[in-house]
Amino acid sequence: MKQDDYQQSLEDVLDDYMASTEHPSREGLIEWIRRYPHYAKELAEFTTSWLVLETADVSTEDADIDEEALIARGMEVVHGLLNKNPPTDQEAEEKPITNLVEEAGAQGLTRVGFATALGLGSQVLSKLNRGMIRATSIPAELINRIAEVIHRRPSTVAAFLLRGPRLATGAEYRATRRPTVADQQDFFEAVRDDTTIGDGDKAFWLDIEANTERK
Amino acid sequence: MEVQPLTHCYSSGVLYHRLPEVTAQIECALGLSTDDLLERTRISDADSPLFVKEESLVYLIRHFRRGGHDGVVGDLSAILIGRIATSVKSRLRVLGRDNLEDGFQDVIAGVFERILDLERDRGDFFQVRFWVGVQRLTITTFNKYKKQHDEDLEHEVAAASLPLDDDDGPLDRSGNPWEALPGPQLLPEQYLLVTDAVASISVRYRDAYILHNIMRFQVESLDPNEPTVSTMLGKTSRTIRNWLVRAEEQLENWQNDL
């Protein structure tokens, strides 16, 4: 049996095994080893781990493990899968983006120059950089523009935008609490609110919104 | 719009079937506008009649992926991940903070690689028993990290030139050495609470310990049809007995550290 077929077959057996009983038991393990003796070792090891996890103490609250951060990491995985292209020999694995404006600076662009290149105002750009724009409202056109300007993959840009709110550096932001997802703004609403964006650029983005709603 | 049938089978060869409730939810969802659909999927109260089950969400993610609507796929995926997060996080806590984050990512990767693989039907099980599938992936991920941890530990032991176990080890005492050592009282065969103590034993010894001391499998047997710890783990009875001694030592150390 090929390795892929073997692994798929084992996964099927383990799925069925778990579905057959609510808790791991001696009788259950014996029965499934009887059915699949060639998976005896895997079934035994799986069962002991199942037992350990099932009975581990989960009563303590995990105040220090940020669930929102876990979800964001999960979404990075999903976006990676959605944008999956076989890497060429020349392509190295991209490091994650930590700051869009700094990435643009590395390309020789000032903050204003970066905003102009994207067709945005500096206010929207600042919100994007701080994760204060709801990622699901950001049009693909903007993600592609950012990627092109800073010479990064769209998937890497998308992963950055999905990370959620971050506190601004310096004196740009003052708050008594950490910003949350609930504080995020819709992209098109942010465009409307931006007093620094040109009329032509504003019309361009709002036209995209209108076309999206018609679909 | 017709709901596409599942094509994967149970290991017994029987075709997977969705629950009628799931099929009905999918049919209803496909008739909604995208905005209305997303609004419904954000309902988190599982008792609500409008709640969209995870099995249905999986179908919808595949449906929109086929249509090239990756924005909607992203939205639905975020909802599904949000539902998974608490459960997976609580189970993988035992790995410690750093490995929990990586382990969580691995579980999500395992789930969505299957869901988003439109070429194959690997994700079908998630449309039938979603939470069982997630739990199974969580357990295999836990196993992987525990094994890696123990392999790293073995390298350290080897580097320190400390004696390992297995057949050549001097630890085997004739008879039943583990009974002569202090350890937890063996409980009747029933569902037992496995404490942090047992969870702290190295994986290679822990499996033998749990199978023998808790699930009451014999180390070896004259009956060739009887599953034993030795046959299940593919090791000689001598090795298993050495592992059991090691496990007891680790338990004793854990107790002394309290």
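So you know, we letter chains A, B, ... as the sequences are listed, proteins then strands, and number each from 1.
Looking at B/L233, the atoms closer than 4.5 Å to chain A (heavy atoms on both sides) sit in the backbone and in the side chain alike. Residue B/Y10 touches chain A through both its backbone and its side chain, counting heavy-atom pairs closer than 4.5 Å. Proximity to chain A is absent for every atom of B/F126, based on heavy atoms less than 4.5 angstrom apart. Interface residue B/F112: backbone and side-chain heavy atoms are both found under 4.5 Å from chain A. Neither the backbone nor the side chain of B/R83 comes within less than 4.5 Å of any heavy atom in chain A. Heavy atoms of A/I33 lying under 4.5 Å from chain B belong exclusively to its side chain. If you measure heavy-atom distances from B/D106 to chain A, you find no contacts under 4.5 Å at all. When heavy atoms are compared at a cutoff of 4.5 Å, B/V73 approaches chain A solely by way of its side chain, counted from C-beta outward. Contacts of A/Y17 with chain B are absent, with no heavy-atom separation under 4.5 Å from either backbone or side chain. Heavy atoms closer than 4.5 Å to chain B are found in the side chain of A/L29, but not in its backbone.
Between chain A and the options B/E226, B/E101, B/E113, heavy-atom pairs under 4.5 Å are most frequent for B/E101. Of all the listed residues (B/I108, B/I139, B/V132), the one sharing the greatest number of non-hydrogen pairs under 4.5 Å with chain A is B/I139. Contact tally against chain B (heavy-atom pairs below 4.5 Å) for A/P37, A/A135, A/A40, A/G74: the top residue is A/G74. Interface check for chain B: of the options A/A44, A/S49, A/S25, the most heavy-atom pairs under 4.5 Å are formed by A/S49.
Among residues two or more places apart in sequence or in another chain, the ring-ring contact (aromatic ring centres under 6.0 Å, His included) test is passed with A/F187 by A/W205. B/T140 pairs by the side chain to side chain contact (heavy atoms under 4.5 Å, CB included) definition with A/L14, A/F46, B/R136, B/L137, not counting sequence neighbours.
A salt bridge links B/D102 with A/R73: the closest approach of a Lys/Arg side-chain nitrogen to an acidic carboxylate oxygen falls below 4.0 angstrom. Taking the charged nitrogens against the carboxylate oxygens, B/R114 and A/E11 do have a contact shorter than 4.0 Å, which makes a salt bridge. Classification of A/R34 and A/E31 as a salt-bridged pair holds, one side-chain N sitting under 4.0 Å from a carboxylate O.
Listed for the B/S33 side chain is a donor-acceptor partner under 3.5 Å among the backbone atoms of B/D36.
In this structure, B/R246 is not positioned above the aromatic face of B/W243 in the sense of NZ or CZ being under 6.0 Å from the six-membered ring centre and within 45° of the axis.
Side-chain N/O atoms of B/S87 and B/W131 include no donor and acceptor closer than 3.5 Å. Side-chain contact, B/H8 with A/D12: a donor N or O sits under 3.5 Å from an acceptor N or O.
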